[in-house]
Amino acid sequence: MKFDVNRVLDGVSDSLVVRDTVDLTFVRYHGLSPFTTPVSLTAQALVQDGVVTLDCVYSYRLELVCDRCLTPFTKEGSLRSSHVVVRELSGPDNGEFVVAPDGIVQLQELATNDIIPELPSKVLCREACKGLCPVCGCNRNETDCGSSVKTTDPRLEVLNKFFEN
């Protein structure tokens, strides 16, 4: 989707708003495609003191798999971001500005650049997830298998013998 912000950049209008959806099903995250439904987007371009800002609000649903217990789950998310829109830069582009020489902002590219870095690096179905039993493989959130796992780092095994005396 393209958002034409020329009217705001040229000073013809103080504000423009667009509401649409962005397809991010092509995104691969932890080997899966977490975006199974389109991302809802509200983008508002407005001028204040001669500076054009683009405020975006994203709402999305992620279909994920827990890193500890391997249970599939759904997580709702939302994100707000703000960018300064310019037609050209005189210096290097360090990612602080949205450069739109023709006054057109690519919302799919913007959404991808805003949302993907905000996704969690560790995916958990809940904060207190107990994970899988390393002995029998059962989901410890659902059942207590009774397996006792007492492992010692082999490098420290000698210390156990020292404290036995």
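For this chain, numbers begin at 1 and follow the sequence in order.
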Exercise for the section: Write down the atom of D4, the atom of L16, and the distance for their closest heavy-atom approach. Expected result: O-CD1, 3.5 Å
Handout entry: Carboxylate-amine/guanidinium proximity below 4.0 Å for K2 and D20
Key = no
Problem - Atom pair CZ/OG1 of R61 and T36 - distance to nearest 0.5 Å - result: 6.5 Å
Practice task
Would you kindly confirm whether L32 and Y60 end up in one hydrophobic cluster when ILVMFWY residues are joined by side chain heavy atoms under 4.5 Å apart?
Solution key: no
Fill in the blank from the handout: CG (N6) and CZ (R87) are apart, to the nearest 0.5 Å, by 4.5 Å
Problem - Any side-chain heavy-atom pair of V57 and L41 under 4.5 Å - result: no
Practice task
Please answer: with hydrophobic residues joined when any side-chain heavy atoms are less than 4.5 Å apart, are V65 and V27 in the same cluster?
Solution key: no
Practice task
Treat each ILVMFWY residue as a node, draw an edge where side-chain heavy atoms are under 4.5 Å apart, and state whether L110 and L9 are in one component.
Solution key: yes
Practice task
Rounded to the nearest 0.5 Å, what's the gap from NZ on K122 to NE2 on H30? Could you check?
Solution key: 9.0 Å
Exercise for the section: Please test L89 against V99 for side-chain contact (heavy atoms from CB on, under 4.5 Å), starting from the C-alpha separation and ending with a verdict. Expected result: CA-CA 7 Å; L89 287 175; V99 181; 3.7 Å; yes
Completion exercise
Rounding to 0.5 Å, atoms CG (L46) and OG1 (T53) come to a distance of 4.0 Å
Completion exercise
Distance col, row L132:CG vs T71:OG1, nearest 0.5 angstrom, shows 7.5 Å
Practice task
Evaluate the side-chain proximity of L119 to L62: yes if any heavy-atom separation is below 4.5 Å, no if none is.
Solution key: yes
Exercise for the section: Take M1 and V18 through the test side-chain contact (heavy atoms from CB on, under 4.5 Å) and record every step on the way to the result. Expected result: CA-CA 10 Å; M1 155 128 211; V18 66; 3.5 Å; yes
Problem - Any residue meeting side-chain contact (heavy atoms from CB on, under 4.5 Å) with S81, in chain and number order, not counting sequence neighbours - result: C56, Y58, H83, D114
Exercise for the section: Check whether the side chains of R68 and N141 place a donor and an acceptor atom closer than 3.5 Å, and report yes or no. Expected result: no
Exercise for the section: Could you walk me through whether V98 and V86 pass side-chain contact (heavy atoms from CB on, under 4.5 Å), step by step? Expected result: CA-CA 6 Å; V98 173; V86 295; over 6 Å; no
Exercise for the section: Report the C-alpha distance between V52 and V84 in whole Å, list the side-chain angles of each, state the deciding distance to 0.1 Å, and finish with yes or no for side-chain contact (heavy atoms from CB on, under 4.5 Å). Expected result: CA-CA 6 Å; V52 176; V84 175; over 6 Å; no
Problem - Candidate list D23, I116, V22, test side-chain contact (heavy atoms from CB on, under 4.5 Å), partner F35, passing option - result: I116
Handout entry: Residue pairs involving residues 99-113 (criterion side-chain hydrogen bond (donor to acceptor under 3.5 Å, both in side chains); sequence neighbours excluded)
Key = none
Practice task
To the nearest 0.5 angstrom, please state how far the CG atom of L124 sits from the SG atom of C129.
Solution key: 6.5 Å
Fill in the blank from the handout: Here the pair of heavy atoms bringing D55 nearest to S82 is OD1-OG, 2.7 Å
Problem - E76 atom CD, over 12 foreign heavy atoms within 6.0 Å - result: yes
Problem - Nearest atoms (heavy-atom pairs only) where A43 meets L54 - result: CB-CD1, 4.1 Å
Handout entry: Hydrophobic cluster identity match, V105 and V12, side-chain contacts under 4.5 Å
Key = no
Fill in the blank from the handout: Of C145, P134, C69, the one forming a side-chain contact (heavy atoms from CB on, under 4.5 Å) with R140 is P134
Practice task
Verify the distance criterion only: is there a donor paired with an acceptor across the side chains of Q44 and S15 at less than 3.5 Å?
Solution key: yes
